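Here's the structure we're looking at; comments come further down.
When a ligand or atom number is given, it counts from 1 through the structure's own listing order. Values in this document were obtained by computation on a predicted structure and should not be read as measured data.
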Amino acid sequence: MSAPRWPYPRVVAHRGGGTLAPENTLGALRLGASMGFGGVEFDVMLAGDGTPVLIHDETLERTTSGKGGVPAKTYAEIGSLDAGAWHSDRFRGERVPTFVAAAGVCRELGLWPNVEIKPAKGFESQTGRAVARLALDLWRDAALPPVLSSFSVEALAVAQEAAPSLPRGMLVSRIPPDWEARMRKLGCVALHCNYRDLTEPLCAEIHAAGYAILCWTVNDPRDAGRLFGWGVDCVVTDRLDLIGPDFHS
Ligand code: G3P
Ligand code: MG
């Protein structure tokens with residue numbers, strides 16, 4: 001029997017808990033799990049001292065009490081900031097977690113992760129290497145390995161070299177005409193695309209070539225229904241309250 005194309009959860013909580021919790025925090029991972037989600041997506045970037053941390057922007061202003069660039073600060077500095085108050089009082093005191101801490105919570109709660117490698121500009125190779133090596137080690141005994149994805153071709157290529165056994169997804173905002181050649185070169189198993197850019201014929205073409213399809217960020221149940229109807233393998237959502245973990249069935 002051949003291996004399933006997408007043996008991972010089919011509905012994935014974006015940045016941990018979507019809009020219901022401060023993104024990329026341990027509180028977000030716990031919220032997603034408490035709502036029954038088995039899959040989470042989060043973003044990993046290197047702090048200035050090389051520590052991989054969960055954060056989306058390369059500046060601190062939007063999601064923390066700090067200021068300035070992530071690569072300009074050590075983890076000791078970043079980890080002391082508040083990363084929850086911007087969202088709501090309930091999450092005041094949340095911190096920017098390390099990738100290691102997030103992996104611990106994933107293991108504790110049985111969460112499978114899509115680890116998005118999110119390098120700050122100029123740190124593509126370092127980030128791809130560090131995140132892939134650490135992911136390999138942190139999930140070495142896991143039944144389901146994490147899927148590594150990135151918009152950065154350089155980060156994905158380095159991740160492939162550093163941890164060839166970990167599956168990779170090619171993240172794109174627009175599906176390029178040469179998607180197949182690019183995915184082959186990077187040894188990717190899945191295309192992680194903006195759902196707005198996918199059509200039913202293209203979905204069939206990608207599947208026929210043997211690749212899985214993950215769509216982000218799908219927040220309307222009507223869109224999720226249409227995409228699953230086309231055979232899309234996974235949707236990433238901010239609306240955990242509208243598109244639950246069993247939505248597809
Ligand atoms: O991995 C899917 C999605 O997270 C990509 O976009 O900007 O939310 O990291 P972004
Ligand atoms: Mg992301």
What are the atoms of ligand 1, with element, lying closer than 4.0 Å to any heavy atom of [X]?
| X | answer |
| --- | --- |
| Trp216 | 2 (C) |
| Arg15 | 7 (O), 8 (O), 10 (P) |
| Lys118 | 7 (O), 9 (O), 10 (P) |

Value rounded to 0.5 Å, distance of CZ in Phe99 from CG in Leu46: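 Going from the CZ atom of Phe99 to the CG atom of Leu46 covers 11.0 Å.
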In the protein, what heavy atom is nearest to [atom], and what distance, to one decimal place, separates them?
| atom | answer |
| --- | --- |
| atom 6 (O) of ligand 1 | Phe151 CE1, 3.7 Å |
| atom 5 (C) of ligand 1 | Glu116 OE1, 3.4 Å |
| atom 7 (O) of ligand 1 | His56 NE2, 2.7 Å |
| atom 4 (O) of ligand 1 | Glu41 OE2, 2.7 Å |
| atom 3 (C) of ligand 1 | His14 NE2, 3.5 Å |

Does Trp216 have its ring centroid less than 6.0 Å away from the ring centroid of Phe151?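 Between Trp216 and Phe151, the centre distance is under 6.0 Å.
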Check if Val236 has a non-hydrogen atom at a distance under 4.0 Å from any atom of ligand 1.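 For ligand 1, residue contact (heavy atoms, under 4.0 Å) with Val236 is absent.
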Does ligand 1 have an atom that lies less than 4.0 angstrom from a heavy atom of His192?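 No, His192 has no heavy atoms under 4.0 Å from ligand 1.
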Heavy-atom check, side chain of [X] versus side chain of [Y], under 4.5 Å:
| X | Y | answer |
| --- | --- | --- |
| Val147 | Val115 | no |
| Met183 | Leu191 | yes |
| Phe42 | Pro113 | yes |

For a quick check under 3.5 Å, do [X] and [Y] share a side-chain donor-acceptor pair by atom type?
| X | Y | result |
| --- | --- | --- |
| Ser149 | Glu116 | no |
| Asp57 | Thr59 | no |
| Asp43 | His56 | no |
| Asp233 | His207 | yes |

Under 4.0 Å, heavy atoms only, figure out whether ligand 1 is touched by the backbone of Thr217, its side chain, both or neither.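 It is neither part, as no heavy atom is under 4.0 Å.
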Give a yes or no answer on whether the side chain of Arg95 reaches the backbone of Leu81 with a donor-acceptor pair at less than 3.5 Å.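 Yes.
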Could an N or O of ligand 1 be found under 3.5 Å from any N or O of Asn114, whether backbone or side chain?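 Min N/O separation from ligand 1 is not below 3.5 Å for Asn114.
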State whether Trp6 and Arg10 meet the cation-pi test: NZ (Lys) or CZ (Arg) under 6.0 Å from the six-membered ring centroid, and within 45° of the perpendicular axis.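 No, Arg10 does not lie over the aromatic ring of Trp6.
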I'd like to know whether Ser152 forms a side-chain hydrogen bond (donor to acceptor under 3.5 Å, both in side chains) with Glu124, so could you lay out the CA-CA distance, the side-chain angles of the two residues, the decisive distance to 0.1 Å, and finally the verdict. CA-CA 7 Å; Ser152 164; Glu124 290 78 6; 5.3 Å; no
Which of the protein's N, O or S atoms come within less than 2.8 Å of the Mg ion (ligand 2), not counting waters?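 Per the 2.8 Å query on the Mg ion (ligand 2), atoms found are Glu41 OE2, Asp43 OD1, Glu116 OE1.
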